[in-house]
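Not measured: the values here are computed from a predicted model. Here is the naming used below: chain letters follow the sequence lines, and residue numbers restart at 1 for every chain.
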Protein chains: 2
Amino acid sequence: MARGRKARNTALLEPNRREELLRAAARLFVAKGFDATTTRDIADAVGMRSGSPFYHFRSKQDLLKAAMADGLETGYRRLLAASDGIDDAERRLRVLIRTHLSNLLEGDCQTPMLLYESRSLDATARAEIAAITDRYQKPWQATLDELAAAGKLKSSAPPVRLLLFGMLNWSVQWYRADGSLSLDQLSDCALAMLLAPSQATQA
Amino acid sequence: MARGRKARNTALLEPNRREELLRAAARLFVAKGFDATTTRDIADAVGMRSGSPFYHFRSKQDLLKAAMADGLETGYRRLLAASDGIDDAERRLRVLIRTHLSNLLEGDCQTPMLLYESRSLDATARAEIAAITDRYQKPWQATLDELAAAGKLKSSAPPVRLLLFGMLNWSVQWYRADGSLSLDQLSDCALAMLLAPSQATQA
DNA sequence: TATAAGCAAGCAAGCGCTTGGTTAATTATT
DNA sequence: AATAATTAACCAAGCGCTTGCTTGCTTATA
């Protein structure tokens with residue numbers, strides 16, 4: 001007896017089912033965690049049967065890796081596009097922060113938080129992802145170095161960058177878009193914590 | 001045929017198997033995540049058979065809740081013990097930071113990071129844990145308020161505290177005890193990011 | 001006719017948890 | 001003091017379910 005299916009699948013007219021899978025998987029992995037998300041959840045989210053995602057991806061772990069790489073890639077491009085051509089290091093840092101917060105908290109996949117699921121990857125996949133995140137951090141370190149050279153920052157040693165990322169990334173744990181704090185305000189607040197000395201120093 | 005067991009279990013002479021279970025569970029939950037940790041893993045870690053932990057705890061989730069509550073409790077006591085009686089707010093903040101980092105990175109359970117597994121709790125358990133973490137944050141907010149009142153901090157609005165916690169908590173992701181950075185140095189670095197203005201202001 | 005995309009069905013392994021019994025220590029009773 | 005009853009702490013076995021993934025087939029497009 002036919003299970004009541006709707007109309008007919010538009011199938012190939014909706015061409016990029018693979019990317020739909022990626023986005024749905026990313027969303028679910030962030031929301032419930034990798035282990036708590038079943039491949040059936042993912043299939044359901046895009047209207048497939050439980051085994052079908054394995055036509056597009058070799059394994060569940062492969063799906064995680066692809067979702068990470070994909071999300072980080074677009075986040076990286078947004079970061080470059082937003083910060084490119086800004087000469088003033090202080091203004092550029094603000095844009096980096098604002099764009100990173102947007103990567104984290106806007107859109108519907110919170111890609112950077114997928115990194116928290118890295119432990120579910122095997123060693124080689126983890127190394128691939130690590131390479132991408134390293135690249136993501138390069139513009140940050142360069143800007144911090146510039147600010148330190150200009151005396152607007154006491155130090156640009158690695159821990160400073162790592163603490164900065166911590167500040168921003170942790171916001172996923174508490175920030176709510178429907179609260180009273182805007183992302184612009186949060187960006188300013190974070191920037192002030194880093195650069196507050198500049199005002200006093202230059203006075 | 002008897003599986004080769006060793007000697008005889010000292011049983012009741014080793015009295016606190018429940019706490020052994022708690023500590024082992026906490027360690028495993030932090031290392032592999034709640035979902036990726038099986039109750040068999042936990043039983044193995046303390047030399048029990050797979051069903052025996054359920055004599056001490058009603059469910060796996062119950063184990064998580066107890067491990068969280070237990071770990072946060074001792075962390076909170078350490079925090080109070082270390083900071084109590086320090087009148088100077090700046091010095092007290094440094095002690096809070098240093099002790100929190102120790103809670104996070106020293107010892108073998110990294111309790112505060114268990115909070116990341118809160119999503120595996122049901123609503124009522126999560127509320128219980130939230131109450132404990134709220135209490136944990138009280139001394140911080142009070143100290144930040146003091147510093148703001150003394151002009152050593154631009155603002156002590158809630159986001160400042162949350163960003164500070166982000167800075168510190170995220171260190172679990174990258175700090176390695178065998179690296180070149182000591183926890184004292186890290187504490188100073190974090191404190192400097194918060195209070196750097198004070199030096200310039202007072203100059 | 002060939003291929004891309006998916007479904008229907010299900011397998012083997014692993015999961016949280018239960019059940020019924022066993023043993024050593026403790027307490028109560030004679 | 002000796003014996004019986006009770007309890008705390010586990011083990012051995014396994015149940016029912018879910019999991020990631022596979023296989024063989026169907027359908028729509030090229």
Side-chain angles (χ1 to χ4, degrees), chain A residues 1-26 28-29 31-67 117 119-122 125, chain B residues 1-25 28-29 32-67 117 119-122 125:
Chain A
M1 58 194 71
R3 302 149 137 270
R5 307 274 313 286
K6 52 172 52 180
R8 186 84 282 296
N9 228 332
T10 35
L12 298 192
L13 303 183
E14 194 83 58
N16 252 352
R17 305 284 275 148
R18 188 176 189 277
E19 293 223 355
E20 278 184 55
L21 273 172
L22 272 181
R23 282 207 308 276
L28 286 166
F29 288 157
K32 321 200 313 177
F34 178 75
D35 292 295
T37 302
T38 71
T39 56
R40 283 164 233 263
D41 289 338
I42 299 170
D44 279 358
V46 301
M48 283 182 181
R49 307 287 163 172
S50 70
S52 300
F54 293 95
Y55 172 78
H56 297 277
F57 297 92
R58 240 169 302 165
S59 68
K60 183 188 178 189
Q61 199 191 112
D62 208 52
L63 234 168
L64 174 61
K65 196 185 82 178
E117 306 289 339
R119 62 181 164 201
S120 297
L121 296 174
D122 58 43
Chain B
M1 58 191 70
R3 304 149 136 271
R5 306 275 313 287
K6 47 170 59 178
R8 186 83 278 300
N9 227 333
T10 35
L12 299 192
L13 303 182
E14 193 84 56
N16 253 352
R17 304 283 276 149
R18 188 178 189 277
E19 294 223 355
E20 279 184 55
L21 273 173
L22 271 181
R23 281 208 307 276
L28 286 167
F29 287 159
K32 321 201 313 175
F34 178 75
D35 293 296
T37 302
T38 71
T39 56
R40 284 164 232 262
D41 288 339
I42 299 170
D44 279 358
V46 301
M48 283 181 180
R49 308 286 165 172
S50 70
S52 300
F54 294 94
Y55 173 78
H56 297 276
F57 296 92
R58 242 168 303 162
S59 68
K60 186 189 176 188
Q61 196 189 117
D62 208 52
L63 234 168
L64 174 61
K65 196 187 82 177
E117 306 290 338
R119 62 182 164 200
S120 298
L121 297 174
D122 58 43

Check your understanding: OP1 or OP2 of dC10(D) less than 4.0 angstrom from a side-chain nitrogen or oxygen of Arg17(B), does that happen here?
Key -> yes

**Study point:** N/O (side chain, His56(A)) to phosphate O (OP1/OP2, dG6(C)) under 4.0 Å
**Key:** yes

Check your understanding: Taking NZ from Lys32(B) and P from dG14(C), how many angstroms apart are they, rounded to a whole number?
Key -> 13 Å

Revision key, fill the gap. When rounded to whole Å, the CG to P distance for the pair Asp44(A) and dC7(C) reads 11 Å

Exercise for review: Nearest whole angstrom, please: distance from the C1' of dA8(C) to the CE of Met48(A).
Suggested key: 15 Å

Exercise for review: Start with the C-alpha distance between Thr39(B) and Ser50(B), add both sets of side-chain angles, then the distance that settles side chain to side chain contact (heavy atoms under 4.5 Å, CB included), and finish with yes or no.
Suggested key: CA-CA 7 Å; Thr39(B) 56; Ser50(B) 70; 5.9 Å; no

Point to revise | Lys60(B) side chain vs Phe34(B) backbone, donor-acceptor pair below 3.5 Å | key: yes

Check your understanding: Can you tell me if Glu117(A) uses its side chain to pair, donor with acceptor, with the backbone of Leu64(A) under 3.5 Å?
Key -> no

Exercise for review: For the pair Lys32(B) and Asp41(B), find out whether any cationic side-chain nitrogen is under 4.0 Å from an anionic carboxylate oxygen.
Suggested key: yes

Exercise for review: Figure out the OH/C1' separation between Tyr55(B) and dA24(C), and round it to whole Å.
Suggested key: 13 Å

Check your understanding: Hey, does the side chain of Arg23(A) reach the backbone of Ala67(A) with a donor-acceptor pair shorter than 3.5 angstrom?
Key -> no

Review point. Rounded to the Å, how far apart are Asn16(B) CG and dA8(D) C1'?
Key: 13 Å

Review point. What is the distance from CD of Glu19(B) to C1' of dA9(D), rounded to the nearest Å?
Key: 16 Å

Check your understanding: Can you check the Ile42(A) CD1 to dG6(C) P distance for me, whole Å?
Key -> 15 Å

Using nucleotides 19-21 of chain D, report all nitrogen or oxygen pairs with the protein that are shorter than 3.5 Å.
residue: dG20(D); atom: OP1; partner: Thr37(A); partner atom: O; Å: 3.3
residue: dG20(D); atom: OP1; partner: Lys60(A); partner atom: NZ; Å: 2.7
residue: dG20(D); atom: OP2; partner: Thr39(A); partner atom: N; Å: 2.9
residue: dG20(D); atom: OP2; partner: Thr39(A); partner atom: OG1; Å: 3.2
residue: dG20(D); atom: N7; partner: Arg40(A); partner atom: NH2; Å: 2.8
residue: dG20(D); atom: O6; partner: Arg40(A); partner atom: NH2; Å: 2.8
residue: dC21(D); atom: OP2; partner: Lys60(A); partner atom: N; Å: 2.6

**Study point:** Arg49(B) CZ to dG14(D) C1', straight-line distance once rounded to whole Å
**Key:** 15 Å

Check your understanding: Just by modelled atom types, is the Met48(A) backbone N or O under 3.5 Å from a matching donor or acceptor in the Ser52(A) side chain?
Key -> no

